Amino acid sequence: MVFQSFVICTLVVFVLAAQVFATDKAWNGRTTPGSTRPHPFTPYYVPPGAKGYDSSSPLLCYSGQWKESFSSRYIQKSLQSTTRTNAAMTFTFTGTGIEWFGNTDRRHGIAKVYLDGKLLQQVDAWSARTMSQQRLFWIFDLPLAKHTLKIVNSGERRDGSFGNIIDVDALVVSLGQRSHQDIQQNVPVQNNMVASTNQPPLSDLAVASPDSLNGQWTLLQKGNTGVHAMQLAVISESHAIIVDKVEHNPLTISGHPAWGALYNLKTHSVKPLAIQSNSFCAGGTFLSNGTLINVGGNPVVEDNTSAADFGDLDGLQAVRIFEPCESDDVEKCAIYENHSRIRMASPRWYTTALRISDGSAMIIGGSTKGGWINNSTTNNPTIEYFPPKNIHGSNGLPIHLPFLVDTLNSNLFPIAFSLPDGNIFMAANRDAMIYNWKTNSEQRLPRIPNGVRVTYPMTGTALLLPLSTDNNYAPEILLCGGSTVDDTRPGYDISSQEPASAQCSRMLLTEDGIAAGWQVEQMPQARIMPDVVLLPTGQVLIVNGGATGISGYGNVKGQVGFSNADHPVFTPVLYDPTMPVGQRFTTSGLPTSEIARLYHSVATLTPSGSIMVAGSNPNLDRSEVAYGTEYRVEWFNPPYMTASRPKFVKVPKKIGFGKNVEIQVSMNDAASDVRVALMDYGYVTHAVHANSRLVYLTTTQLDDGVLSVVGPPDGNIYPPGPGWLHLVVDGIPSEGIKVMIGDGKGPSVDLGAIQNLLSKTDVDQYDKHEY
Ligand SMILES: *[C@@H]1O[C@H](CO)[C@@H](O)[C@H](O)[C@H]1NC(C)=O
Ligand SMILES: *[C@@H]1O[C@H](CO)[C@@H](O)[C@H](O)[C@H]1NC(C)=O
Ligand SMILES: *[C@@H]1O[C@H](CO)[C@@H](O)[C@H](O)[C@H]1NC(C)=O
Ligand SMILES: *[C@@H]1O[C@H](CO)[C@@H](O)[C@H](O)[C@H]1NC(C)=O
Ligand SMILES: CC(=O)N[C@H]1CO[C@H](CO)[C@@H](O)[C@@H]1O
């Protein structure tokens, strides 16, 4: 035994972000750059760009009695621990975040964690199982400055703990993704995030609200997603679901990193979700009964290709079920999967899921293995349904779609919208078509002009523009961004500096509209990987993306870090579809972000009316080298957020097709233009905003404060399922309120088709066959 006693040191540590990494093909590659030796998973991880400090480092200053022990289970084989009340470890560093790793077991007690002299959190290091290299505390998004972390043994322990042990195995200092401006201005502590696997923060460290000038757009950075936000959907008035891939996220669950979370839109807290299979590059949609399905993904992160075994399952055929979770208390909400009884018939990576007019999900395309650009070997040129259908003789098995062969190579994450006649619009690569799923027939549309490709990895984005009786529900499609890079060129020949496309192509899908073809407009900036968000006002916010390069990471010339794209576009642009051509785009008054949002970024409207922007991770695993893994959340607040807004007073929970309902509202008596917007905020990933939709409902003003509203005519106009109502009075929308459109029942279930799928297809085929 070695007892040590130190006085507080005053050394300051500077982090140098110098790291060399191998250029791995990265879909399930190595978790530690350069490493190939598999080892069981532990949360301890030093992201490229960050720096680890072992417990034995002279820069960690111990006071009181500490004992050093040695074991191969410990980081660098050594660990410092103490059982003495008030024994402390002090560490001074320059950076934007710090993580503390140590052991947990039944004999551990409670530590007090101070940052810069302020008590931040009490960390309970007790656990029923003995676990090593656990993340006990983390804080990110501090201003880049000198900080001091102090960990003090409080002498307290939970009931049932057998001891008061607190230990320090290692610390990891983040330099983070701060801009040069921050570094120079040394901004005050703000917008930061504290979390621990065990308990919520003691004090809410957030956040002064910005000086919101009335009538102006504002941008607020607040919140931290804990898991990287690759996929995002609002599930209730209080929460959004975030789904990521398997990687070293700071938020952990059951002793390993979480790759899913529920984000509280009101308090900005996050709850980790347990997901069994690798959801890297899955798609998702709500069904008619409000259940969310998340489909496809990646194979297991395997020992062969990864230095760490995360314990995940093959996700390529996964159907992950997230039952409705409406209450503010999300403790019991969970993802269910069991591939032996619920799965897709075929493996799908980069597939699109869409709710269609009968309330079921159409699952479209993808490739049969993870990779990069699609080709004829890996293509999965089929659709299947969930629940499985017996249609066109398929009996639950995939149905071939020639369109998905003709659109190789750049055709992953196909763009799809359910049209007001029940048919499906699809765009992939340079082409578009209308698919009649009832007759299994394709109507090809004119090619997108000027060689612009719009699907992965030449990723653009798309919307179905607002529908209303004013336009007799005539559908208009808007495609924006993408790339003209030749999709037969190999990655090593394409550069991150090749310009993206600024083109938006718009077409009215009526006979005359199709005959007139695509109408071309230019965005003020080119964008690869933009996101597009419908506002209740009918305007469209285009945000995120880069001005050069293409999607993905790790396989083009001139990568920035690992990113295949560069020149992030920091200012969103507002598009008003009702204005004449030439007057539709505005950037004036729109705030500029400092955060690059490239590959794996998302944006969605939230019930408050604010636009939530999150993610960006053009990396194999969590990284702090630009463009690093982004956990910070931003909120773009339209001018209406600070206006005097109309309100819903009473709204029925369910609205039937074509049914009249009375809605009580509170609004200005002098209102002249009163509309009720029925919206689907969509399921967002990889610039696909599946199901995104706005239908203005037929509305009549009855007495003071009472509106008569007619539900959408049928499931073609709005596929049955959950939606959001916003009351829009003279251009000012209320907050959104969740409603169920239709009868709320599940899509019809064909037991024969399910049985046939289960008997004719293997579970997790990728793990059984070589593709
Ligand atoms: C994967 O690992 C196993 C043993 O762990 C080995 O037998 C196999 O050859 C490896 N496969 C590849 C492709 O490296
Ligand atoms: C998964 O489903 C199979 C088949 O219905 C069942 O035997 C098994 O117990 C289920 N597994 C879990 C973990 O629920
Ligand atoms: C498609 O890609 C796979 C995997 O990268 C490769 O093995 C195959 O040869 C490619 N096929 C064609 C037709 O290019
Ligand atoms: C909704 O329908 C799906 C598909 O049949 C089913 O898996 C799910 O459990 C249903 N959810 C509810 C809440 O009934
Ligand atoms: C993911 C994948 O399979 N990529 C392949 C696509 O096709 C090209 C050739 O056309 C291959 O080089 C890629 O490996």
Side-chain angles (χ1 to χ4, degrees), residues 233-236 239 241 243 253-254 260 262 273-279 282-296 300 311-327 329-345 348 351 353-363 383-391 394-397 418 437 653-654 656 680 683 690-691 715 718-723 738-765 767-768:
V234 175
I235 58 165
S236 69
H239 282 82
I241 190 171
V243 179
I253 187 164
S254 319
L262 295 174
L273 268 181
I275 302 182
Q276 289 179 33
S277 63
N278 191 357
S279 48
T285 180
F286 292 96
L287 302 174
S288 56
N289 59 6
T291 293
L292 175 68
I293 61 163
N294 180 254
V295 295
V300 170
D312 59 312
L313 302 177
D314 182 347
L316 276 167
Q317 271 169 272
V319 178
R320 307 176 192 85
I321 310 265
F322 184 75
E323 298 289 10
C325 168
E326 297 292 340
S327 128
D329 174 12
V330 294
E331 248 350 276
K332 298 225 167 65
C333 301
I335 290 186
Y336 171 82
E337 59 184 310
N338 179 344
H339 302 183
S340 59
R341 43 181 300 260
I342 301 176
R343 64 170 177 267
M344 292 191 290
R348 293 180 192 270
T351 187
L354 185 73
R355 185 167 80 254
I356 62 172
S357 55
D358 69 353
S360 70
M362 179 185 282
I363 302 167
I383 53 167
E384 57 185 284
Y385 294 91
F386 187 83
K389 285 193 202 321
N390 187 1
I391 183 171
S394 64
N395 205 12
L397 299 179
S418 184
W437 61 273
K653 286 236 167 303
K654 213 183 270 179
D680 190 322
Y683 186 96
N691 301 316
Y718 192 94
K738 198 170 179 193
V739 290
M740 179 57 88
I741 302 298
D743 59 13
K745 291 191 182 135
S748 67
V749 172
D750 183 331
L751 291 174
I754 294 176
Q755 218 37 60
N756 190 54
L757 182 158
L758 293 179
S759 65
K760 298 264 173 62
T761 67
D762 282 344
V763 182
D764 299 340
Q765 294 164 31
D767 283 348
K768 297 200 176 58

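A quick note: this is a predicted structure, and the numbers were derived from the prediction, not measured. Just so you know, ligand 1 is whichever comes first in the structure, and atom 1 is the first atom listed for that ligand.
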Is the closest side-chain heavy-atom distance between [X] and [Y] below 4.5 Å?
| X | Y | answer |
| --- | --- | --- |
| Ile363 | Glu384 | yes |
| Phe386 | Met344 | no |
| Tyr336 | Thr291 | no |

Of the protein's non-hydrogen atoms, which lies at the shortest distance from [atom], and what is that distance?
| atom | result |
| --- | --- |
| atom 4 (C) of ligand 2 | Ser340 OG, 3.7 Å |
| atom 10 (C) of ligand 4 | Asn289 ND2, 2.5 Å |
| atom 7 (O) of ligand 4 | Ile321 CD1, 4.2 Å |
| atom 8 (C) of ligand 2 | Asn338 ND2, 3.8 Å |
| atom 5 (O) of ligand 2 | Arg341 CD, 3.5 Å |
| atom 9 (O) of ligand 4 | Glu323 OE2, 2.7 Å |

**Prompt:** Do protein heavy atoms approach atom 14 (O) of ligand 2 to less than 4.0 Å?
**Reply:**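 Yes.
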**Single hit among Arg341, Arg343, Glu337 for side chain to side chain donor-acceptor pair (under 3.5 Å) with His339** =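 Of Arg341, Arg343, Glu337, side chain to side chain donor-acceptor pair (under 3.5 Å) with His339 is met by Glu337 alone.
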**Request:** Check each heavy atom of Val749 against ligand 4 and say whether those closer than 4.0 Å belong to the side chain, the backbone, both or neither.
**Result:**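 Just the side chain.
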**Message:** Can you confirm whether the side chains of Glu326 and Ser236 place a donor and an acceptor under 3.5 Å from each other?
**Reply:**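 No, Ser236 and Glu326 have no side-chain donor paired with an acceptor closer than 3.5 Å.
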**Message:** Checking side-chain polar atoms at under 3.5 Å, does Asp358 have a donor or acceptor matched by the opposite partner on Ser360?
**Reply:**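 Yes, Ser360 and Asp358 have a side-chain donor paired with an acceptor closer than 3.5 Å.
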